[in-house]
Amino acid sequence: MQPKNLKRLLRALGRQGLDVTYSDRTYSVRLANSLDAPVAEVLLPEDFPVEAKALKQLANLASVRHPSGGCVCRACATPDFHPGDAGVAIGSVVETVGQVIPSAVGSDINCGMRLHVADLTIEEFLTKRDQFVERMKGDYFFGTRDVTMTAQAMRALFQYGVPGWLDAMLDRPTGSVVKSDLQQLTEESERIFLGGSMNGNWKLAPEELVSDVGLVRDGGLATIGGGNHFVEVQRVDKVENRTLAHAWGVREGQLAFMIHSGSRNVGKYIGGMWRDKAKAAWQKNLKYPDSQIFPLSTSSHPELVASYLQAEATAANYGFVNRLLLAELLRLRLREVYKDVEAPLVYDLPHNITLPQIEDVETSYTMSLQSKIQNRSTERSRSPKSKIDKWVTRKGACPAYAGQPVIIPGSMGDYSYLMVGRGNPAFCNSASHGAGRLRSRFDLNRRGASESEAELGLTGVDCITLREERRIEEAPAAYKPIQSVIDVQVAAGMVDVVARLSPVLTFKA
DNA sequence: ATGTGC
């Protein structure tokens, strides 16, 4: 099925020097009259046409070229692709050489997913559901959470992410974390992508990167955030790959907790600041690109690129700890209400982040990817000649390297999936970060209120929120059915299913 | 994405 406006769109892209062909659910974008490989591939689920605006945004992104050198070597879009409001579509992945593009990550730096399982049946859970929900509402909505910490811990959090923050906490535990098993948290950091740390060769202090937003006035730590962010209680509904599920500690019938959140105001601050800085760094005598997407060049402005990557890392580190604390609060309340229930981490991974490009994809899901990147960073700092200057930037797309766990949520009325990456380089070793929006929030707000619960897909959905409009905006009818998005990615060799999870109740801020 | 805004 092709979109109605495809011809018009192709003409518009043709005027920009781009050819688009459509075959087997994939749109291939090429430079006109060129025999080069496509600059962008877009994979779409069956029966869902591409949005012209999103395709235009991807073509723009794939064409970003810093005049001082720098290019895009590959771009693609995952099947939850939809237009973004900063000129970059959600579901875009871009591989660059000689340049990094701050707005290709955007403001929601290290937005990502986290999954825990717990040895508790749904029946046991439901017996004390109300008591549990009241405690979580306190923590997530009414500010009863206690995440106070020393200035030293806060600094370590920004600079070194989970491991550095844990060291500071082991030194002097504060707040809710006092009741946590810090040793368990340390061991679990191996199940976080990159070990929960984007530490590089720090040249700037956190104060210079996050200003007083994070260091002094931050009140966002351990909060869910708005939009599509959530914390959901689920049930492991069906295991498809017994070997991997067993290795990852996942069994049918277990209760599960899925978290979707990011770096809150810290990412917003840093993302916005660097979108502006990249624009300000554009050569004064040159016209702005029509796309308004501004890259930073590693050859002409290496110090600016380094500062940006450090700033992004600072927000990313905050995002890792934010998800950890959201989970830790849940784990604490679970122990209080249900006694001695363990809820181990399955995996935590970002879907909005810039990473050095990894050539081979033999990465297991544990620390090997982290050590590869760190080894590269060490090489880089030791020998300027072997400088890595190839980057992959994902905005609303998961890394899906071979053997690595991937978490793909559906709407609050649909299944979510624990997957394993297969490392498909044609799709930049990536996978979708969700089902993808089908109807805008505006549309849902305007018309949704007049639609029935059944029409909105809300029948049987247990959504815990203080805002009725959020329940409508995020209703299952706002999203594509997850199955089609999963199927097309399995068929394309990007991921395989490990387990299917069904929703029990969803917290939405 | 953002204690939002058509």
Side-chain angles (χ1 to χ4, degrees), chain A residues 51 53-54 57 61 78 80-93 101-114 137 139-145 210-214 217-231 259-276 292-293 311-312 314-316 318-320 322-323 326 349-354 393-398 409 411 432-437 439-450 465-474 478-479 507-509:
Chain A
E51 285 171 83
K53 190 178 173 187
Q57 287 180 342
L61 183 63
T78 54
D80 54 347
F81 194 44
H82 61 277
D85 56 10
V88 178
I90 319 300
S92 301
V93 187
I101 310 170
S103 60
V105 175
S107 307
D108 193 10
I109 297 166
N110 191 7
C111 184
M113 301 298 307
R114 187 177 175 101
K137 276 168 80 174
D139 289 339
Y140 289 158
F141 304 151
F142 299 132
T144 58
R145 72 197 193 290
V210 294
S211 178
D212 59 348
V213 172
R217 284 188 298 169
D218 179 71
L221 201 53
T223 58
I224 295 173
N228 57 359
H229 289 173
F230 64 82
V231 172
I259 294 170
H260 179 197
S261 188
S263 53
R264 313 287 290 104
N265 277 316
V266 175
K268 178 185 150 76
Y269 175 84
I270 287 174
M273 170 188 281
W274 280 90
R275 183 199 53 223
D276 297 345
Q292 294 288 309
I293 303 172
E312 195 196 300
T314 306
Y318 182 97
F320 282 126
N322 187 43
R323 283 195 294 277
L326 285 167
L349 84 164
H351 51 235
N352 279 8
I353 205 155
T354 304
T393 301
R394 297 180 174 88
K395 183 187 173 75
C398 298
S411 76
S432 81
H433 81 312
R437 224 172 222 291
R439 291 174 58 186
S440 70
R441 287 199 298 243
F442 176 58
D443 185 36
L444 267 294
N445 265 328
R446 186 163 47 89
R447 295 204 319 212
S450 64
T465 180
L466 302 179
R467 304 175 61 191
E468 172 61 10
E469 67 270 33
R470 181 75 77 209
R471 204 175 67 92
I472 307 291
E473 287 167 359
E474 291 292 310
Y479 290 92
F507 295 94
K508 279 273 187 184

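As the structure is a prediction and not an experimental result, all values here were calculated from the model.
Put simply, NZ on A:Lys508 and CZ on A:Phe141 are 10.5 Å apart, with the number rounded to the nearest 0.5 Å. To the nearest 0.5 Å, atom CG of residue A:Asn265 and atom OG1 of residue A:Thr223 are 8.0 Å apart.
In this structure, the side chain of A:His82 engages the main chain of A:Asp80 through a donor-acceptor pair within 3.5 Å. Within the 3.5 Å criterion, the main-chain N or O of A:Ala89 finds a donor-acceptor partner in the side chain of A:Gln57.
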What pairs of nitrogen or oxygen atoms, one from the protein and one from nucleotides 4-6 of chain B, lie under 3.5 Å apart?
from  : atom 1 : to       : atom 2 : distance (Å)
B:dT4 : O4     : A:Arg470 : NH1    : 2.9

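Among the heavy atoms of the strands, none lies under 4.0 Å from A:Gly262.
Counting only residues at least two apart or on different chains, the salt bridge (Lys or Arg N to Asp or Glu O under 4.0 Å) pairs with a member in residues 102-114 of chain A are A:Arg114-A:Asp348.
Whole-Å rounding puts the A:Asn110 CG to B:dT2 C1' distance at 17 Å. The CG-C1' distance, from A:Asn352 to B:dT2, rounds to 14 Å in whole Å.
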